[in-house]
2 protein chains.
Amino acid sequence: MTRSGSNGGSADHRRTPVDAAATSPVTMGARRRASMREVADLADVAISSVSRVLSGHPDVSAQMRERVLSAVHRLEYEPDFLAQSLRRGQTLSVGFVLADISNPLMADIVLGAEAVLRGAGYSLLLMNSENDPRMDAQHVRFFQSRRVDGMLLSLASETDPTTLETISLTEGPAVVIDRRLPEELGASAVVNDHGPGMEAAVEHLIDLGHRRIALITGSTAQLPGRERMDAMRAVVARRPERVETIYRPGSFSTEHGEGAAREILSGPDRPTAVIAGGNQLLIGTLKVLREQGLRVGRDISLVTCDEVPLSELYEPPIATIQRETVGLGRVAAELLLGRLVGGEAPRTEVLPTTFLPRPSCASPPA
Amino acid sequence: MTRSGSNGGSADHRRTPVDAAATSPVTMGARRRASMREVADLADVAISSVSRVLSGHPDVSAQMRERVLSAVHRLEYEPDFLAQSLRRGQTLSVGFVLADISNPLMADIVLGAEAVLRGAGYSLLLMNSENDPRMDAQHVRFFQSRRVDGMLLSLASETDPTTLETISLTEGPAVVIDRRLPEELGASAVVNDHGPGMEAAVEHLIDLGHRRIALITGSTAQLPGRERMDAMRAVVARRPERVETIYRPGSFSTEHGEGAAREILSGPDRPTAVIAGGNQLLIGTLKVLREQGLRVGRDISLVTCDEVPLSELYEPPIATIQRETVGLGRVAAELLLGRLVGGEAPRTEVLPTTFLPRPSCASPPA
DNA sequence: GGGCTTCCCGGTAACGGTTCCGGGAACCCT
DNA sequence: AGGGTTCCCGGAACCGTTACCGGGAAGCCC
């Protein structure tokens, strides 16, 4: 049998499928993609046979394989991802919703996640929600319509009802990063245990003699903000010393860091130690400290969360509550892959935090 | 006429299309997506009419529109992006190849680009090439097979032949970021004019009395590295003063920054001023400066490229050759959109750099 | 030599849309 | 009344794959 290519009457004529694999010398590189149909015609076999060869189906003779592969090679055929996705019902892509990629913490997470996903043949769709819960929900819905196989979520809010409902309507698996969602949503999670790091930091400050400590942190609609406040409260409650505390939750931004720091530090009896609950908050805090001429590690002690170049290289180096940020992304991706290809059930993975003392913490001035 | 749904014999039976829009109480949210076919059946019209209504085709009566939209609403129908993409031949997605998202410069660029693309309905696929030209090419090919509509490229090497060939074989438009490619490739570009910023910095240092200046910079296979070295050479050549220069091109990494700085600064006659050509290089340089006990702005003058929190908040603040990083990404995205939807021709957009003097630069010690 | 496997292969119906074509009905004009 | 538009709609091809089904040919066994 010899199939003679193209069937006759087409109601739908767009580009004409002439000279398949010929690179026109003018528009270099604009070579039309070959389709499976063309491979089949060239090899003079059925299109289904081509598919079978390419997908490693057992019902293929050695001769058939050789014939098809040679045609594939000659046409430089590459399967169309789109058609495959449509047919197979999976896109091999995952969506990542995050507040702001320019935050180095997030960037590290993305770095880790992307590498793992890439290794498994998945690619990463990225959308910034600019810390707006409505955008969270919007992006989730958008990814859903894009038919991503799964999602990685670093949500602006853990409690926004629209976001939660949107997630519950989601088809594929979702993994939230450093957030906790209601069990019923069936999302996996990778979280840090923020308690130990924060507790060690507060203990350290109290041991140094601090009795008035301020915590500037992000939104309590997110796990880290809540756990950090709780941990500080717990330490203060169990220590025999009488320690005054100032809590300034708000948003995870330099603006809030600056505003809160200014408010805290301009009062009459200011704290002798400040904990900035994030790298953006640290920036705002440092601006105010400089502006007020307060010397870190002498006039005031300072602790920050999440290591960045600034914290290590600042003079003096800034004590930091650390966690493995790249690992966070990596684990998130692994959790997702586990559900995607391993058929695992949703689960929560907990990663540690530790406190790294540095010269920014000293005994309070007398 | 009344089409009675599903046609009889199917050779291909997967999930059975029963109870379209019914949320099962147990598996909440696992509602099957409705297809256009189902909408058409419910509205008792042809599938093509549904398509026409949804795509705003003029050949639609008011009554038809109302009927279809009501069915769409009842089934909560959403068109399948995949099927649309396959049929229309566009995916509304663009691929972004970059060295390393954890570099704040890159993160800012991505931030700017993503926002613009999102506004135009496009989404962003992201891949890190880890500064490996082979990965550049690999990712470009991968995106190509993913059928992205266009690409944003921040390449590890401007000269790698495999990469160039791969790009030349690319179908859609490409925009390179802060790189220059051979004209024939037909890529658009957004670049910084690194000359003015660097020239101003070097002039400033010479004016302050420096006669021995080192430049630690990234790969000369990338535009910024080349232009920065050229600019410094040009200034030194045209100034009457006799200025010695030390050039240490390498890679855009903390390791190179550290290695080069150590090498430069441990010699007998070390330079009195160092220019670090990037934020990663700055980090490496600062480590060495601290390690050798050299005080910035007193024992040695320091200039860096690209503003980061560290440069502004360091004590003393570090003079910086600045550029608008978020804008870089934004312009890149606009250039791409111009070609994607506006049908514009490839072109190159040039953005400025400026020098911001700060106390890290002072007269050399006597 | 007939019946039963086994091995392969071609045909074809999907996946879920878009768009071209043709044609019926209503309207207009002379 | 007949011919030409205009307005809408249904039918069908097609985008590029996948996977099921059926069947021909060859091999095996008794």
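What you see is a predicted model, and the numbers here were worked out from it, not measured in a lab. Residue numbers begin at 1 in each chain, while the letters A, B, ... track the order of the sequences.
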Quick one: the side chain of A/R87 and the base of C/dA14, do they pair up donor-acceptor inside 3.5 Å? yes
Could you tell me whether the phosphate oxygens of C/dG10, OP1 or OP2, come under 4.0 Å of any side-chain nitrogen or oxygen in A/S48? no
Return yes if the base of C/dG16 and the side-chain atoms of B/R33 contain a donor-acceptor N/O pair under 3.5 Å, otherwise no. no
In terms of the nearest nucleotide of DNA chain D, which residue is placed more toward the 5' end: A/D80 or B/V60? B/V60
Could you give the CG-to-P distance, from A/D44 to C/dC8, as a whole number of Å? 19 Å
Length of the CG-C1' vector between A/L92 and D/dT17, whole Å: 14 Å
So, is A/S61 near the phosphate of C/dC9, with a side-chain N or O under 4.0 Å from OP1 or OP2? yes
Side-chain N or O of A/Q84 closer than 4.0 Å to phosphate OP1/OP2 of D/dT18: yes
Below 4.0 Å: OP1/OP2 of C/dG10 and any side-chain N or O of A/S49: yes
In whole angstroms, the gap separating C1' of D/dG10 from CZ of B/R52 amounts to 7 Å
In whole angstrom, what separates A/I47's CD1 from D/dG16's P? 10 Å
Atom CZ of A/R37 to atom P of D/dC14: distance rounded to whole Å? 11 Å
From CG (A/L82) to CZ (B/F81), nearest 0.5 Å: 10.0 Å
B/H57 NE2 to D/dC9 P, in whole Å, measures 11 Å
Under the 3.5 angstrom rule, does the side chain of B/D149 hit a backbone N or O of B/L92 as a donor-acceptor pair? yes
Look at A/D80 together with B/R147 and state whether they make a salt bridge at an N to O cut-off of under 4.0 Å. yes
Could you check how far CD of A/E66 sits from C1' of C/dC8, rounded to whole Å? 17 Å
Describe the nucleic acid contact of B/Y77 in one word from base, sugar-phosphate, nothing, applying a heavy-atom distance below 4.0 Å. sugar-phosphate
Are A/R118 and B/E130 ion-paired here, with the side-chain N under 4.0 Å from a carboxylate O? yes
Closest listed nucleotide, where the reference is the side chain of B/R88 and the choices are D/dG10, C/dT19, C/dT12: C/dT19
Whole Å only: how far is the CG atom of A/D41 from the C1' atom of D/dG16? 13 Å
B/R67 side-chain N/O to B/A43 backbone N/O, donor-acceptor pair under 3.5 Å: yes
Donor-acceptor pair, side chain of A/H139 and main chain of A/N128, under 3.5 angstrom: yes
Respond yes when some side-chain nitrogen or oxygen of A/S51 is under 4.0 Å from OP1 or OP2 of D/dT18, and no when none is. yes
Which sits closer to the 5' end of DNA chain C, B/E78 or B/D59, going by the nucleotide each is nearest to? B/E78
Looking only at N and O atoms, is any donor in the side chain of B/R147 or the base of D/dG16 less than 3.5 Å from an acceptor on the other one? no
With the side chain defined as heavy atoms from C-beta on, B/A83 is closest, among D/dC8, C/dG16, C/dT18, to C/dG16
A/M36 side chain, from C-beta outward: closest of D/dT18, C/dT18, C/dC9: D/dT18
Check every atom of C/dG10, D/dG16, C/dG17 against the side chain of A/L86 and return the nucleotide holding the closest atom. D/dG16
